[in-house]
Amino acid sequence: MKQSVLVLAGVLIIAAMAALGTHPMRAQDGPSATESGGAAVTPTRSYAGKVAAPDFPAGLDWINVDHPLTFSELRGKVVLLDFWTYGCINCIHIIPDLKRLEKEFPNELVIIGVHSAKFKNESNTGNIRYIVQRYEIEHPVVNDKDFQIWNAYGAEAWPTTMLIDPTGKVLGLYAGEGVYEVMQPIIQGMIRQFDAQKLIDRTPIKLSPELEKRAESLLSFPGKVLADPAGKRLFISDSNHNRIVVADLDTYEIKAVIGNGQEALKDGDYATASFFRPQGLALSGDTLYVADTENHAIRAVDLKAQTVKTVAGTGAQARGPNPGGVAILTPLNSPWDVVFVNGILYIAMAGPHQLWAYDPKAETIKPYAGSGREGLQDGALPDAQLAQPSGIASDGKVLYFADPEASAIRSADLNPNGQVKTIVGTGLFDFGDMDGTGDAVRLQHALGVTVGPDGKLYVADTYNSKIKVIDPATRESKTLFGKDSGLRDGTDPQFYEPGGLNYADGKLYIADTNNNAIRVADLKTGQVQTVKFPNPEMLKAPSAQSAQTASQPDVPDNEYTGDIVQLGAVKAGPGTGKIVLNIHLPEGYEFNDIAPFTLHVNQGGDVLKVAPADNDLSMPEPKMPVSVPVTLKEGQTTLKLDADVYYCESVNKNLCFPARLRLVMPLTVSADGGSEIAVDYTIVPPKAPQNTLGQ
């Protein structure tokens with residue numbers, strides 16, 4: 001009965017919005033949904049809605065807040081619902097618009113992300129949390145995995161944004177990109193109208209951001225990787241650190257870091273250049289080409305001169321049909337991967353669902369394959385339909401590319417008069433995890449492809465967290481590595497949404513995106529190992545490399561997501577002192593040498609102070625004890641230490657465990673105390689542990 005009420009509400013809302021002149025893009029695939037490029041809204045003079053917004057169903061998972069929200073507590077706020085799914089490029093494109101609106105209307109507007117998943121993998125709340133961290137989304141997000149909210153509001157496309165007035169009534173919807181330009185004047189008008197009636201509540205809502213819970217790591221969501229056997233180099237797109245890492249191919253010693261970590265489009269030397277979530281990499285001589293995805297640009301790194309230069313793109317996202325032209329004057333749209341063949345840089349341009357070609361000599365760029373319509377349709381290069389191409393490779397004869405929204409692997413002839421052909425994949429809403437041949441094969445949002453020496457294709461089957469091998473001649477697909485998502489090395493490895501891979505000299509180098517790691521698979525032995533950098537200090541997080549002027553904020557006990565452990569009282573003397581934390585592991589266990597140990601000391605009022613530069617420690621394979629300098633003043637407080645610890649069995653080093661701890665103890669600072677606060681704690685492994693770290 002409840003479902004019928006929600007469906008009926010959706011019908012009423014659609015009718016009301018039709019009267020307001022809104023035009024949502026309709027689904028083309030039955031009850032499923034499609035992605036939308038844009039549908040205009042014509043606002044009326046009144047900014048008051050007419051239909052009560054259905055409240056959020058109970059029992060759904062919420063992110064970035066500590067409890068499910070209701071419209072009764074949102075009364076007095078302008079509410080914008082963002083219906084999205086995290087693999088959708090159009091949904092990614094509007095995130096900057098949403099952040100801009102939040103910044104402009106911080107106390108009047110509440111944005112709620114309604115995540116209605118297209119792919120099965122996207123319906124997992126844990127996976128959504130990673131995406132919220134990856135794209136630094138700070139507004140509340142609800143996991144609408146069964147499309148309850150979607151159906152209640154009559155949404156039909158990704159992305160769809162819905163405006164609700166401060167009295168809880170729906171004004172209208174907008175389907176597509178360009179959200180800021182459409183919504184800003186309407187929100188402004190709505191605030192003005194309801195402010196005049198004293199109906200705006202500017203009390204901030206309480207948030208519990210995922211960003212504050214994420215431990216720092218050496219790499220942050222690395223998207224792509226490129227091996228250079230001739231130069232003995234390994235190039236890594238450290239995407240969320242906005243930089244390129246160069247390591248020795250044999251020892252993995254960090255040789256250089258390209259980019260200062262800032263989200264910007266700035267040329268210059270390695271230390272001053274800036275990127276914004278770079279992805280694909282391609283090498284031509286001493287030039288490294290970078291798909292600077294969220295800058296909508298192609299960058300060229302001169303590896304001898306150690307400089308970065310923008311060679312294509314303006315920094316602005318292209319919208320609508322784009323014929324190309326002078327490269328540096330042509331706006332691009334989410335270039336995701338690149339490959340250099342016969343003097344031309346071919347680009348998997350995810351945004352317009354096309355492949356593009358950049359000619360470095362002529363300094364021109366233009367579409368190469370794809371009509372710009374999203375779909376899975378073979379045919380002549382300019383007529384074929386692609387679906388968010390995000391990985392590209394070549395054997396020198398043809399281009400191979402991953403079309404993730406169709407869960408397909410396809411080819412495009414290098415002859416401009418050639419064809420686009422599908423190797424595996426059958427449709428925009430056909431996905432799964434099935435080995436086999438031809439149309440029986442199912443992948444799930446594969447993002448990466450590389451060519452092996454035997455002409456076979458190795459594929460990062462991203463949402464299945466697997467590495468697969470596909471024969472383009474026979475169309476046969478087999479699982480090579482992986483099963484459930486996790487982090488495990490050896491001959492039975494696990495990955496977590498790998499986004500890119502590259503073949504070189506019998507090995508696969510894999511960007512294991514959600515594990516924040518680079519993995520190496522030896523195709524001869526079947527062994528997978530996680531890269532360990534011998535000089536990790538070179539990869540200090542960009543935020544820590546700069547001023548180190550601020551530490552992570554303290555998280556209240558009721559928002560802390562780990563285990564809270566009460567310890568005995570401790571004592572110290574006033575003045576300068578230190579906390580000495582000694583975490584013990586039982587016999588048969590050792591600290592993980594990849595995932596970092598992190599420590600945050602909560603401030604203790606006036607009694608205990610920690611300088612920001614001394615707080616928020618992060619280190620792989622920690623050497624206990626760990627010390628933190630503090631300043632102490634006579635009085636009493638509660639000492640709270642937040643520690644993230646990763647440890648493994650000493651014999652079976654592939655079996656690892658996380659421990660997220662808040663160690664709590666009463667602290668008295670008096671004249672008879674010493675200068676050292678000693679804290680000892682022994683971890684007790686779980687009796688029935690999970691098999692992996694990172695599931």
Side-chain angles (χ1 to χ4, degrees), residues 66-67 206-209 211-216 543-544 547-587 589-591 596-647 657-686:
D66 61 4
H67 68 281
K206 187 178 181 181
L207 297 174
S208 179
L211 282 173
E212 296 178 2
K213 304 173 186 176
R214 182 173 182 268
E216 188 56 72
S543 57
Q548 284 194 2
T549 57
S551 62
Q552 292 293 324
D554 298 341
V555 178
D557 285 353
N558 63 354
E559 295 180 18
Y560 187 73
T561 57
D563 295 325
I564 299 178
V565 181
Q566 191 73 44
L567 300 179
V570 290
K571 194 173 185 179
T576 301
K578 62 181 178 180
I579 297 169
V580 180
L581 173 64
N582 202 352
I583 292 181
H584 305 276
L585 297 176
E587 186 176 354
Y589 294 85
E590 61 188 39
F591 290 106
F597 163 84
T598 66
L599 176 64
H600 171 77
V601 181
N602 292 256
Q603 302 290 347
D606 293 332
V607 177
L608 183 146
K609 295 288 187 182
V610 187
D614 296 324
N615 213 346
D616 298 310
L617 302 180
S618 178
M619 62 188 77
E621 201 174 6
K623 305 298 182 185
M624 292 292 167
V626 175
S627 298
V628 179
V630 293
T631 302
L632 300 163
K633 183 179 178 180
E634 287 193 354
Q636 293 183 326
T637 188
T638 300
L639 175 61
K640 298 180 182 181
L641 307 179
D642 296 344
D644 286 346
V645 186
Y646 299 88
Y647 60 103
F657 311 89
R660 194 154 201 260
L661 306 168
R662 168 165 286 179
L663 306 178
V664 180
M665 61 220 81
L667 169 64
T668 300
V669 179
S670 60
D672 59 340
S675 61
E676 181 176 303
I677 304 172
V679 181
D680 285 79
Y681 180 76
T682 300
I683 287 179
V684 178

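For the numbers below, each heavy atom of this structure counts, side chains included, while hydrogens, waters and symmetry mates do not.
Closest of all the heavy-atom pairs between Tyr647 and Val684 is OH-O, 4.3 Å. Across every non-hydrogen atom of Ala572 and Leu632, the tightest pair is CB-CD1, 3.7 Å. When all heavy atoms of Val580 and Pro625 are compared, the pair lying nearest together is CG1-CB, 3.6 Å. Across all non-hydrogen atoms, the minimal contact from Pro666 to Gln566 is CD-NE2, 4.0 Å. Closest of all the heavy-atom pairs between Ser670 and Pro574 is O-CD, 3.3 Å.
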Check the pair Leu581 / Val628 against side-chain contact (heavy atoms from CB on, under 4.5 Å), numbers first and verdict last. CA-CA 8 Å; Leu581 173 64; Val628 179; over 6 Å; no
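Under the salt bridge (charged side-chain N to carboxylate O under 4.0 Å, His left out) criterion, the residue pairs touching residues 629-642 are Asp557-Lys640, Asp642-Arg662, with sequence neighbours excluded. Sorted by first and then second residue, the pairs that involve residues 571-587 and meet salt bridge (charged side-chain N to carboxylate O under 4.0 Å, His left out), not counting sequence neighbours, are Lys571-Asp672.
Expressed to the nearest 0.5 Å, how far CG of Leu641 lies from CG of Leu663 amounts to 5.5 Å. Here the straight-line distance linking atom CD1 of Ile564 with atom CZ of Arg660 works out to 10.5 Å at 0.5 Å rounding.
A donor-acceptor pair under 3.5 Å is formed between the side chain of Asn615 and the backbone N or O of Val601.
Side-chain contact between Ile579 and Leu639 is present, with at least one heavy-atom pair separated by less than 4.5 Å. Looking only at side-chain heavy atoms (C-beta outward), His600 and Asn602 come within less than 4.5 Å of each other. Using a 4.5 Å heavy-atom threshold, the side chains of Phe597 and Ile583 count as touching.
Under the side-chain contact (heavy atoms from CB on, under 4.5 Å) criterion, Val607 pairs with Thr637, Val669, not counting sequence neighbours. By the side-chain hydrogen bond (donor to acceptor under 3.5 Å, both in side chains) test, Ser208 is found to be paired with Lys213, residues two or more places apart in sequence or in another chain being considered. By the side-chain hydrogen bond (donor to acceptor under 3.5 Å, both in side chains) test, Asp680 pairs with His584, sequence neighbours left out. Residues meeting the side-chain contact (heavy atoms from CB on, under 4.5 Å) test with Pro629, sequence neighbours left out: Asp614.
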